[in-house]
Amino acid sequence: MTTNSTEATTLRSRRCGSLRAADAGTDVRLGGWVHGKRNLGGLVFLDLRDRDGIVQVSVDPALVGEAVRDAAAAVGKESVVLVEGEVVRRPPTGENRDMATGEIEVRARSVRVVGPAVTPAIPVGRAKGEALPSEEQRLRHRYLDLRRPELQRNIILRHRLMQTARRYLAGEGYLEIETPILTKPTPEGARDYIVPSRLHKGEFYALPQSPQLYKQLLMVSGFDRYFQIARCFRDEDLRAERQPEFTQIDIEASFVQQADIVRLTEGLFVELWREGGHAIVAPFEHLTYADAMERYGSDRPDLRYGLELFDATAIFAATELGIARSAIATGGRVRGIRVPKGASLSRKQVDELETLAKGAGAGGLLRLKREGSELSGPPAKFLDAGARERLALAGGDLALFAAGADRVTSAALDRVRQETARLLGIVPDGVLRFLWVTDFPMFGCDPATGALGPTHHPFTAPHPDDAPLLDTDPLRARAQAYDVVLNGMELGCGSIRIHDPEMQRRVFSHIGIDEETAQRRFGFLLEGLRSGAPPHGGIAMGVDRIAMLLAGAGSLRDVIAFPKTTTASALFEGAPSPVPEADLRTLHVRIANGAGEE
RNA sequence: GGGGCUGUAGCUCAGCUGGUUAGAGUGCCGGUCUGUCACACCGGAGGUCGCGGGUUCGAGCCCCGUCAGCCCCGCCA
C-alpha cells in the first residue's frame, strides 16, 4: 500500500489525482467523487475525482464479482465512493494523454458507496465545449460549483498566495495581529455594516471598513511591524471587482518612510507572482499623481499601451473654434490623444468613443483624421499650417480631443484611451506593468459643495515640503500617499500617517472635522498620538483582486469560496434574511413599516 | 438612486409577423453492450414559458408592474 503523509488517512491512502505511472504495481485506497461513469456492459469505468485531480477506476466483474460491478454501474454522479485496488499501467492503446493520470488506472478490488448523491442540480464535470451553468445557478448550488476543477484550482491558489504572504511578511519581522470585527461606527467614507448592541440599548457596532485606526494604535503600542490578512466590509453597491466583504493584506510599520513600504511591497509582490507562476522584476516604475493625470487622465493608468494624452490648448488657442475658445476662456484646456492607425476605426466606433466621453462629462469629442497628407474632420478647417505641424499626425492617424476643465477632460480621455486600445487590439497579453503612483493630493474638492475631503483618508501625512501649503493653498498640497497599480487595476494603496497630534488636528479642521467631532470619533487615536507615537506608515492590498489576476479569473466570485451577488445576497444560504420579532426586541430594534413610520 | 442585458424541461439554449399538441442538445429513468474516457446504440419520462396584472377571439411572443441574476454610471474617505 503506497501512502503519503499529507494524503493518507485511516480511510484512504492516496489522493486520486496524485497517482502517476511510478505508482503502478502498488495497492491504494481512494476516496473521491464520481466525476463520470462509462458502463460498457461488462466493464464499468468510474472517473474518481478529488482535489488533486481525476483518476480512472476500472471495475471488472471478473475481479470484483457481478454484484460489485452492478453497484458501480448504478452509482450516481457526484456520489462519494471508497475504492480499494491496484494501480496498473493502462494498455498502450488505452492511455489518455489529456489526463495527468492518463498512463495508469486503478483496478478496483472493492467499491463502496459511502456518500450517495442525488442527481446534481448543475453539472460538475462538463463535456468539452459545454457551457457553464448561469452565475445564478452556480451561486445557488455553490457546494457543487466549488467541486469544479477550475474553482478548486482558484481556491487552492488563493490559499498558496496567503501562505506566501504570511511567510514573506513574518520573514521580514512582521507580526500577525488580529483587530476587532465589532468596531465603532465611522461616519466617514463608505457606509458601514451596522450590528445592534443588545447590552447597550440604541447603540451599534460597525463592521470594519479597514483596520486603519487599530493598526496605527499598534504602532503607538510599539509592535513596530504589523500585518493581518484582514476581512473588511463596505455597504456599497457592487461591481465585478467589488464585494461587500473583501480581504486585504494589511500592513503597518514604524520608523518608516515611503521608500520602506515601497520596497517591502515590491518584495511581497515578487513572491506572490512567483507563487502564481510569473517572474517579475522590482523596482517598479513610478509616476506622480500629477504626471499620471496629465499623461493618462487616470490615477491608475494602464501602461501596457501608449496613446498618451497631450495638451493641444496652444494648437487651438489661436483658432476660431468655438468649443476650444470657450473652454480656454473659462480656464480649461483642450487635450487629446493621437491614435496611430486610428483612421481605420469606423465612424460608428468613433461615435461610441464620443458617447463614452460624454458619459464622463465632456461636451463632445473632436476628431481629426489624416489620410495621406489630407486632414479631415470638423476642426480641420480652423487649423493653419503651423497648427497642423504641431499636431504631428502621420498618414492613417486619428486624433481625438476634449475641451474643458482638466477634471472633465481627464475622465473623458481616460475612457476614450482605454476603449480605443481595446478596439485597436493593441493591449498585449501576458505583459505585467506594475506602477507606483505617488504624491497624491492631500485633499479633493467636492464639485457640488466645494467642500474639501481627504483624497486618501484623514490620517495621511502631508508631503514634508507641502506642510506650509495646508493653510495657504490646501488643494495644492501633496500627501505621502501611494498606490500600487497593475495594468490599470489598483492593487493596493497606502500612506505615511500623521503621527503628530497637532498636525492631525490641522488636517481634521481642513476637512470640516472640528475639535469636538474629532474627539468623539477618533479620540482614542488622538490620545494615542499624544502618548508617544513613532513615525509610521503602511499599505493595504486587495487579496481578492490579486488572486483573480493570478488565477486568470474573470470575476472576484471565482476566487472567493462563498461570494455575494450584485445585490449583496448569498444565494446558497439565503442571507440576508429576516430575524424573529422576539430577537429584534432583545436588540431594541424595530422595523419601520412603510413611509409613515420611517 | 439611474441605465443596459437576461429569465422557456434538472442544465445550456431555440422558439419566425401574436395562431394547431412549446422544441433541440445534454442530464435523468429503463434496456443492449468487456477497453471506454463527450463511450456507443434503442426506448421513455420530464414544462407554473420568473411572478402579477392588462390588451386580444387567441399571449412564451405585445403593454404595465414586480422579483431575481449579470454588466455599467452614481457611490466606494
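Being a predicted model, the structure only gives us computed values, none of them experimental. Heavy-atom basis, side chains included; hydrogens, waters and symmetry copies ignored.
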Q.
Applying side-chain contact (heavy atoms from CB on, under 4.5 Å), can you list everything that pairs with Asp52(A), at least two apart in sequence or on another chain?
A. Glu7(A), Arg15(A), Ser18(A), Asp50(A)

Q | Annotated protein contacts, base or backbone, on nucleotides 31-37 of chain B with a non-hydrogen cut-off under 4.0 Å, one of B, S, - each | A | --BBBBB

Q: Classify the nucleic acid contact of Glu136(A) as base, sugar-phosphate or nothing, counting any heavy atom under 4.0 Å across all strands shown.
A: sugar-phosphate

Q. Which part of the nucleic acid, if any, lies within reach of Thr566(A) when heavy atoms closer than 4.0 Å are counted: base, sugar-phosphate only, or nothing?
A. base

(Q) For residues 55-77 of chain A, which residue pairs pass the salt bridge (Lys or Arg N to Asp or Glu O under 4.0 Å) check, not counting sequence neighbours? (A) Glu66(A)-Arg69(A)

Q: Answer with base, sugar-phosphate or nothing: what part of the nucleic acid does Thr567(A) contact at a heavy-atom distance below 4.0 Å?
A: sugar-phosphate

(Q) Categorize Ser569(A) for me: base, sugar-phosphate, or nothing, with a 4.0 angstrom heavy-atom threshold over every strand shown. (A) sugar-phosphate

Q: Hunt down the Watson-Crick or G-U wobble partner of G65(B), both distances under 3.5 Å, from any strand shown, or write none.
A: C51(B)

Find every protein N or O atom lying less than 3.5 Å from an N or O atom of nucleotides 3-5 of chain B, and list the pairs.
none

Q) Quick one: side chain to side chain donor-acceptor pair (under 3.5 Å) pairs with a partner in residues 89-99 of chain A, sequence neighbours left out? A) Arg89(A)-Glu103(A)

Q.
Going by side-chain hydrogen bond (donor to acceptor under 3.5 Å, both in side chains), name the residues that satisfy it together with Glu490(A), two or more places apart in sequence or in a different chain.
A. none

Q | Aromatic plane relationship, Tyr482(A) with Trp436(A) - under 30° parallel, 30 to 60° tilted, over 60° perpendicular | A | perpendicular

Q) Taking protein heavy atoms under 4.0 Å as touching, what does nucleotides 42-47 of chain B look like 5' to 3' if B marks base contact, S marks sugar-phosphate-only contact and - marks none? A) ------

**Q.** For Ile181(A), all residues meeting side-chain contact (heavy atoms from CB on, under 4.5 Å), sequence neighbours excluded
**A.** Leu207(A), Pro208(A), Phe233(A)

Q. How would you list, by chain and number, every residue that makes a side-chain hydrogen bond (donor to acceptor under 3.5 Å, both in side chains) with Arg142(A), sequence neighbours excluded?
A. Asp145(A)

Q: State which residues pass side-chain contact (heavy atoms from CB on, under 4.5 Å) with Pro211(A); sequence neighbours excluded, sorted by chain then number.
A: Thr179(A), Tyr226(A), Gln228(A), Ala230(A), Cys232(A), Asp250(A)

Q: Quick one: look up who G25(B) pairs with, Watson-Crick or G-U, both distances under 3.5 Å, and put none if it's unpaired.
A: C11(B)

Q) How would you list, by chain and number, every residue that makes a side-chain contact (heavy atoms from CB on, under 4.5 Å) with Pro123(A), sequence neighbours excluded? A) Arg126(A), Glu130(A), Pro133(A)

Q.
Given C73(B), A77(B), A68(B), identify the nucleotide with an atom nearest to the side chain of Arg239(A).
A. C73(B)

Q: Applying ring pair (Phe, Tyr, Trp, His ring centres under 6.0 Å), name anything that partners His457(A), two or more places apart in sequence or on another chain.
A: Phe459(A)

